[in-house]
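Worksheet: one structure, shown below.
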Amino acid sequence: MILRHAFAPLNNTRLKNLCGPMDQHLRTIEAGLQVQIAHRGEHFSIDGHKKPAEQALAVLESLYELGNRVIKPETVQLMLVGDGSDLEEIPDGTLMLATRHIRVKARTPNQSVYLRNIADHDITFGIGPAGTGKTYLAVACAVDALERQSAQRVILTRPAVESGEHLGFLPGDLAQKVDPYLRPLYDALYDLMGFDAVNRAFERRELEIAPLAFMRGRTLNNAFVILDEAQNTTPEQMKMFLTRLGFSSRCVVTGDTSQIDLPKGATSGLVDAERVLKHVTGIAFAHFTSADVVRHPLVARIVDAYDAQRRARESGH
């Protein structure tokens, strides 16, 4: 079938951002939904089977609504996972987070379970492969809590473990030395809040990013705390971190147990925590698969290929 749609009132800035540089966003939608999109000015036509064509139109309409600013490629990918419906909250219980800078809604069933767990539990674990939105959604929840004043501060932490490389001596002061390990958290904050708002929040001490080693001895009250890359903690570090939680605080732990960078033979604190804490009241676990990947579509196929190799190795084939 062919769907035709014209955007009105005409806004050339929104049209430009909807299409992306060199129509990159349109090509992403075509590849993800197996449709063909043609346009001239504000007039669009979508050629494909009924359901994907309707989903493509819904994505185009949502992008047009967001088009008063530059739209990142990952935003388009996020819309392609799930039903492609508008980003407003819908009556089926799907959660939608609205920070001042961006709106975020679960796009897969597992993401919806994850957001519901974060809303309903004091400690939530998000476990799964790269690109499934574990860290991004957790940071979005933290920013939402900060803006609604249900948390007085947001604390984000990671273990400073190198991913298979030995970087050697890093120049600069302590903050500059640990910055490379924490950069993904900064990126999520800038996307959700904007550069200036993030800097102001750091100045007011509403935001704090620190290596895991700095958590020992602290009690974290009235805070939203996120431990990222938790697969690279030891069991002792994990216990230390989880016991920092104070009154009126919430904690999210994220990690990918297929990418452990600890020394060979060392036990991952994330693997150990899932075994020890799975029946503890107040703690929830959400698991993600390649079906939840919201990066480039090839990432899901890469995850599946490595998983298949691991299973073959474990089975002795």
Side-chain angles (χ1 to χ4, degrees), residues 1-8 10-11 14-97 102-115 128-134 136-137 140 191 287-305 307-308:
M1 68 176 298
I2 297 178
L3 293 179
R4 290 184 172 85
H5 183 77
F7 287 99
L10 174 61
N11 184 309
R14 288 179 181 270
L15 282 175
K16 176 184 175 183
N17 290 332
L18 178 158
C19 296
M22 303 294 291
D23 286 350
Q24 175 187 355
H25 298 337
L26 301 185
R27 303 292 83 82
T28 297
I29 296 169
E30 288 179 331
L33 298 178
Q34 299 298 299
V35 298
Q36 291 184 324
I37 302 174
H39 77 101
R40 178 171 293 183
E42 72 275 25
H43 296 276
F44 285 72
S45 65
I46 305 166
D47 188 3
H49 293 296
K50 181 179 180 180
K51 186 173 180 180
E54 291 174 345
Q55 182 177 347
L57 177 57
V59 171
L60 290 175
E61 291 174 338
S62 294
L63 290 176
Y64 192 75
E65 290 300 313
L66 295 175
N68 60 331
R69 57 183 174 82
V70 173
I71 298 171
K72 295 186 177 183
E74 53 264 35
T75 300
V76 183
Q77 289 290 346
L78 192 65
M79 290 183 180
L80 293 178
V81 182
D83 59 10
S85 59
D86 192 79
L87 292 180
E88 296 297 330
E89 187 173 6
I90 56 179
D92 66 357
T94 299
L95 297 183
M96 189 273 290
L97 299 172
I102 195 172
R103 294 176 295 175
V104 180
K105 191 184 80 170
R107 307 309 300 180
T108 73
N110 287 334
Q111 286 187 353
S112 190
V113 168
Y114 183 51
L115 289 179
T132 51
K134 304 183 302 295
Y136 192 86
L137 290 174
D191 190 34
H287 292 86
F288 298 89
T289 70
S290 60
D292 302 299
V293 170
V294 290
R295 292 181 182 171
H296 191 286
L298 187 57
V299 173
R301 297 196 290 272
I302 292 171
V303 169
D304 285 338
D307 284 346

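Of all non-hydrogen atoms in Lys134 and Pro129, the two that sit nearest each other are NZ-O, 3.0 Å. Contact record, Gln111 with Gly133: NE2-CA, 4.4 Å, taken as the closest heavy-atom pair. A pairwise comparison of heavy atoms in Ile29 and Val35 identifies O-CG2, 4.2 Å as the closest pair. Minimum heavy-atom separation, Ala6 to His43: CB-ND1, 3.5 Å. Considering every non-hydrogen atom in both Tyr64 and Arg14, the closest pair reads O-NH1, 2.7 Å. The two atoms that bring Ser45 and Arg4 nearest to each other are CB-CG, 4.1 Å, heavy atoms only.
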>> Run the side chain to side chain donor-acceptor pair (under 3.5 Å) test on Tyr114 and Asp292 for me, step by step, so that the C-alpha distance in whole Å, both residues' side-chain angles and the decisive distance to 0.1 Å come before the verdict.
In response: CA-CA 11 Å; Tyr114 183 51; Asp292 302 299; over 6 Å; no

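Contact check for His39 versus Asp23: side-chain heavy atoms found under the 4.5 Å cut-off. Contact check for Leu15 versus Leu10: side-chain heavy atoms found under the 4.5 Å cut-off. The shortest side-chain heavy-atom distance between Leu18 and His25 does not fall under the 4.5 Å cut-off. In this structure the side chain of Leu57 never reaches within 4.5 angstrom of the side chain of Phe44, judged on heavy atoms. For the pair Leu3 and Met1, the minimum side-chain heavy-atom distance is below 4.5 Å.
With sequence neighbours excluded, the residues satisfying side chain to side chain contact (heavy atoms under 4.5 Å, CB included) with His49 are Pro52. In this structure Lys16 satisfies the side chain to side chain donor-acceptor pair (under 3.5 Å) test with no other residue, sequence neighbours excluded.
Other residues, nucleotides and ligands contribute more than 12 heavy atoms inside 6.0 Å of the CD atom of Gln24.
Distance alone, capped at 3.5 Å, places no donor-acceptor pair between the Asn17 side chain and the Ile71 backbone.
Arg27 has a carboxylate O that lies under 4.0 Å from a charged side-chain N of Glu30, or vice versa, which qualifies the two as a salt bridge.
The structure places CD1 of Ile46 at 10.5 Å from CD of Gln55, a figure rounded to the nearest 0.5 Å. One distance of note links CG of Leu26 with CG of Leu60; it measures 6.5 Å at 0.5 Å rounding. The line from CD1 of Ile2 to CD of Gln36 is 9.0 Å long, rounded to the nearest 0.5 Å. Atom OG in Ser290 sits 11.5 Å away from atom CD1 in Ile302 (nearest 0.5 Å). Rounded to the nearest 0.5 angstrom, Leu115 CG and Asn110 CG are separated by 11.0 Å. Note: Gln34 CD to Asp47 CG = 12.5 Å, rounded to the nearest 0.5 Å.
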